[in-house]
Amino acid sequence: MPRYNPAEIEPRWQRFWEQNKTFRTPEDTNLEKYYVLDMFPYPSGEGLHVGHPEGYTATDILARFQRMNGKAVLHPMGFDAFGLPAEEAAIKRNVPPREFTEKNIANFKRQLKMLGFSYDWERQVSTTDIDYVRWTQWIFLKLYDTWFDETTGRGKPIAELPIPADIQNQGDQAVIEYQDRHRLAYEGDALVNWCPALGTVLANEEVTDGRSEQGHPVQRIPLRQWMLRITAYADRLEKDIETVDWPEGIKKLQKDWIGRSEGAEVDFFVGDNSAYQTWHEIRRTKGFPSSPESEVLRVYTTRPDTLFGATYMVIAPEHPLVEKITTDDQRLAVEAYREAAASKSDRERQEDKKTKTGVFTGSFAINPITNQPIPIWIADYVLINYGTGAIMAVPAHDERDFAFAKQFQLPILAVVKPTSTDDSVNWSDVEKGLACFSGEGIAHASGDYTGSTTENFKTQIKSDLATQGIGRAAVNYKLRDWLFSRQRFWGEPFPILHELDERGKPTGRKRAVPEDQLPVDLPHLDDFKPHGRLEPPLAKAPESWLFVEIDGVRFRRETNTMPQWAGSCWYYLRYIDPKNDKALIDPKLEKRWMAVDLYVGGAEHAVLHLLYARFWHKVLFDRGVVSTIEPFQRLVNQGMILGEMEFTGYRGADEQWVSSEQVIETEDHSLVLAKDRSPVMPIKLEPDQIEKVGDRFVLKSDPTIRIESKAYKMSKSRGNVVNPDEIVTDYGADSLRLYEMFMGPLEASKPWSMSGVNGVRGFLDRVWRMIIDERAEERVLNESVVSVEPNEDQLRVLHKTIKAVTQDIDTLGFNTAIARLMEFVNYFTKQSQRPKSIMETFVLILSPLAPHIAEELWSALGRTESLAYEPWPKFDPDLTIDQTIEIPVSIQGKVRSKITIARGMSADDIEQQALADIRIVELLDGKTVRKVIVVPDRMVNIVAT
RNA sequence: GGCGGUGUGGCGGAAUGGCAGACGCGCUUGAUUCAAAAUCAAGUGUCCAAUGGACGUGGAGGUUCGACUCCUCUCACCGCUACCA
């Protein structure tokens, strides 16, 4: 075996690791633990993408590095296998989703093994495994059995929910309904995002711009749905994020998504003045009720200090009071508006934010602080599911209200004056109603409050409103409860039964499937396709599945299924105790391994998966299943890998080249010339047709024609997808691993380059030839590799390399670690004597990055065991520091000469030596030295005039 | 519109406020070869009157003895998000 041949070496070592169970998780509890986790993949039919191995290689390097540092490493892998895309693909191919999914998992697993990742495969979990589904359903039942106690901020068993006396008096049914209203998993009528094309409802988080992730339009319809009360945990989700080591950007995204705001709720009476007076009097004595009377509109505002400027009100078209307050002469217009709003998709509603629409209801409410009647409008710019679904409009100080007031000629009253230092807006324009000022400032025309700062005003009025019983301080969140049911087949069935009466009609009562009857498996269905109606496919299940009898009572199973997120919310726990059939996880093992020390995955999961998982984890914490408040201690997002850089030129209809800055993209994604909108054709160009002039690329044959150069996202349609199988076949797994790490910083997005892969393969070839005799028939050492004592230079190179590589791996700086290994090889291939001991140490520090070639060389150097548990080499600090060093001498900050000094030389000595340097003496001739700055061991700077 | 990120040679990228461009790709020249590939050696930011010098980290200012690095403003690209009162 003369030449480096990864095709032979790599499968052989993969087999060795598997047969010797090299990467089985150690049970020795004396070792320090290290839990390093990848975001598990969704096993698509396409197979692994080159983006996947980026994060996986990073975590694998850490896992191997920590094993060599003597830690007990838990490094598992699994599959997020439920979900819409698999089901869609299965329908298209007409195979059952489970069969399709299992085939994909097998393929993914083959590809992952081919890359030599050191996963403990005995711990593999798939969210679709029936053993796994059992515990996902078990957690759902925990959510169902939990209510959130606001006073302690904790989730508690529903049996501990205090039942108010008035409910108790209404009987059992009332108590059941009361409990159901407080569960973390509850059924509610929600305006849902119904996607006709997919035949399912989607979560708010799965809808962007009124479209599904696949781009299908989404409508809003009311439907009875399972919801999870994540909003109860909003406060803790927001606060506890400060305790974890995550990128600041991701923390901010989560905080913004939770969207906590502080403000006040204020009640506006709808009716005539005398009724208002009476109401006001009652409120003064009785205080602010938990829900308003039927003739009262409750609003939420973050700017109670602008109450004097509230000149009208707006309620959402779906607001329950619309019917009641609409006057007869406005009824037709209001009804028409409501219908139009309901049939509009979210996308249409948002299409033109600047143009506001709305209709007057005919009614007036009384501003409780000015006692003036103000008109009530309905408009779709007020959302029913935020705050109270109603606002007080302050057009002088809110951009949206301002636009609306302008549109419908409503009065604008300025009540906040910018401070004298604030020149963001012209006050006289604001006063005249010509401009809107949304900042903070000084109260104006606000009764006794005039002159207060916004901050003081807010505090004062909150307490004044509370005293009068017409308002109170309130906190709101943008976060909504999590819509948790899907009208699809390929997901976990809900372990919930709906009670039926003798005629087979639902009674409205439900019960949980008893724990010992879990899991509820999916039934076999010949036809699992969605049919476009709201009824889920599981409704077509055989009666034997659909109907259950317990203690003589008949039940119908819940036929919705859980969303894909369910399984990924807790998989990191199951890896710790994957075979446990008595419990979700053994508490002793949970304490041993949690939290995850390093979690690596794509930033696209910044809010959804990571927020949902944290929510479940907190519920499990409250219910005593886990001991940690946060699951993922440290999070790192790997960047996106883009396709190879592409050069694109454009040709017009007349076949003439067009410069790229004249080309624009239209709304329907076609390319046209900016000046006359005539179509142009993109032409892919080769690098040799292009040159760079200044900061732009132009056509070599015509430098006036500018060319676009860009790396695009990999996509099937663009045809720039790189397949890991091909890279492994052509270059080897170690080359792929090394290249992905060498491309640049882990967290940056960067373009693929095939010649770059070839480059790192060249490095591995050089590593091989440094140690192995390439011309021999058998695998023998290169004749330069000899058992001699290394000389000092060689030792210095070695120890500097160990130091740099150790630190770089520790800080995930893999690209620079590889650069240091390359420098080592460049040095030692020039050495005619390569001490064997040094070669051995080198192989060890190479091994986390390129494990197959490292094992092979380790064995060639005469070792019989795997190097996976060899101690990580230590460096001698003395050998990493040179005793004589060359430092620059600059004049006026510009380097003019270099001097060689002994390390640690005093500043005075260095200064003398610098000023004595021939070149410096020459340059200083005729000048006066004003100042000399000496940084010992680094540099000298002379200031002279 | 809002938030976040990134701008350094032909390309990917390196640089605790202290020699800008480590390392790799590409390219040039040479050795080897019948030839090519591979390998090895030397070189490779731009410009100029070349053993030297000027300029140079998107742009404009600033702080500093000294700025890719810190501050202010600005431009471009990428990603996420979008009427949240």
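The chains referred to below are lettered A, B, ... by the order of the sequence lines, with proteins before strands, and numbering in each begins at 1.
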Take atom CD1 of Ile920(A) and atom P of rC65(B), then tell me their distance rounded to the nearest Å.
20 Å
Is any side-chain N or O of Lys252(A) under 3.5 Å from a base N or O of rC3(B), one able to act as donor and the other as acceptor?
no
Determine: side-chain N/O of Tyr386(A) to OP1/OP2 of rA85(B), distance under 4.0 Å, yes or no.
yes
I want to know whether Tyr312(A) and Phe404(A) have ring centres closer than 6.0 Å.
yes
Between rU28(B) and rU46(B) - P atom distance, rounded Å:
15 Å
Can you pull out the residues from residues 937-944 of chain A that lie within a 4.0 Å heavy-atom distance of RNA chain B?
Arg938(A), Met939(A), Asn941(A), Val943(A)
I'd like to know whether Glu440(A) forms a salt bridge (charged side-chain N to carboxylate O under 4.0 Å, His left out) with Lys458(A), so could you lay out the CA-CA distance, the side-chain angles of the two residues, the decisive distance to 0.1 Å, and finally the verdict.
CA-CA 11 Å; Glu440(A) 306 206 333; Lys458(A) 278 186 185 173; 3.5 Å; yes
Which nucleotide in the set rC80(B), rC3(B), rU81(B) lies at the smallest distance from any side-chain heavy atom of Trp257(A)?
rU81(B)
Given atom CZ of Arg775(A) and atom P of rU39(B), what is their separation to the nearest angstrom?
15 Å
Taking for each residue the nucleotide of RNA chain B bearing the nearest heavy atom, is the 5' side occupied by Lys931(A) or by Thr829(A)?
Thr829(A)
Using the closest heavy atom to pick a nucleotide of RNA chain B for each, name whichever of Gly762(A) or Lys713(A) lands nearer the 5' end.
Gly762(A)
Is it the case that rC77(B) (base atoms only) and Lys710(A) (side chain only) share a donor and an acceptor within less than 3.5 Å, ignoring hydrogens and angles?
no
Run the numbers on Phe814(A) and Phe742(A) for ring pair (Phe, Tyr, Trp, His ring centres under 6.0 Å), then give the verdict.
CA-CA 7 Å; Phe814(A) 305 115; Phe742(A) 190 57; over 10 Å; no
For the residue pair Ser749(A) and Ile641(A), establish whether any side-chain heavy-atom pair is separated by less than 4.5 Å.
no
Any side-chain to backbone donor/acceptor pair from Asn720(A) onto Ser715(A)? Under 3.5 Å, distance only.
yes
Atom pair distance, as rounded to whole Å: CD in Glu604(A) and P in rG5(B)
18 Å
Provide, to the nearest angstrom, the distance between the CE atom belonging to Met640(A) and the C1' atom belonging to rU6(B).
13 Å
Quick one: side chains of residues 891-900 of chain A, donor-acceptor pairs under 3.5 Å with protein atoms, not counting sequence neighbours, listed by atom name and distance.
unit_1, atom_1, unit_2, atom_2, d
Gln892(A), OE1, Ala944(A), N, 3.1
Gln892(A), NE2, Ala944(A), O, 2.8
Ser897(A), OG, Asp917(A), OD2, 2.8

Counting only side-chain N and O atoms of Arg919(A), is one of them less than 4.0 Å from OP1 or OP2 of rG53(B)?
yes
Atom-pair distance (CD1 on Ile891(A); C1' on rC65(B)), nearest Å:
13 Å
Which is it for Val299(A) and Glu265(A) under the side-chain contact (heavy atoms from CB on, under 4.5 Å) test, yes or no, and what are the steps along the way?
CA-CA 6 Å; Val299(A) 305; Glu265(A) 284 177 356; over 6 Å; no
Quick one: does Lys750(A)'s side chain have a donor or acceptor within less than 3.5 Å of a partner on Glu740(A)'s backbone?
no
Give me, pair by pair, the N or O atoms of the protein and of nucleotides 22-24 of chain B that are less than 3.5 Å apart, along with how far apart they are.
unit_1, atom_1, unit_2, atom_2, d
rA22(B), O2', Glu823(A), OE2, 3.3
rG24(B), OP1, Asn826(A), ND2, 3.0

Length of the line joining Asn476(A):CG and rA85(B):P, which is rounded to integer Å
8 Å
Check Asp401(A) with Lys406(A), please: is the shortest side-chain N to carboxylate O separation under 4.0 Å?
no
Would you check if the side chain of Ser890(A) reaches a backbone N or O of Val940(A) as a donor-acceptor pair within less than 3.5 Å?
yes
Rounded to whole angstrom units, what separation is found between the CD atom of Glu911(A) and the C1' atom of rC65(B)?
13 Å
Whole-Å C1' distance, rA67(B) and rG18(B):
10 Å
Distance in angstrom units between Leu746(A) CG and rA14(B) P, rounded:
12 Å
Given rC40(B), rG53(B), rA85(B), which nucleotide is nearest the side-chain atoms of Arg769(A)?
rC40(B)
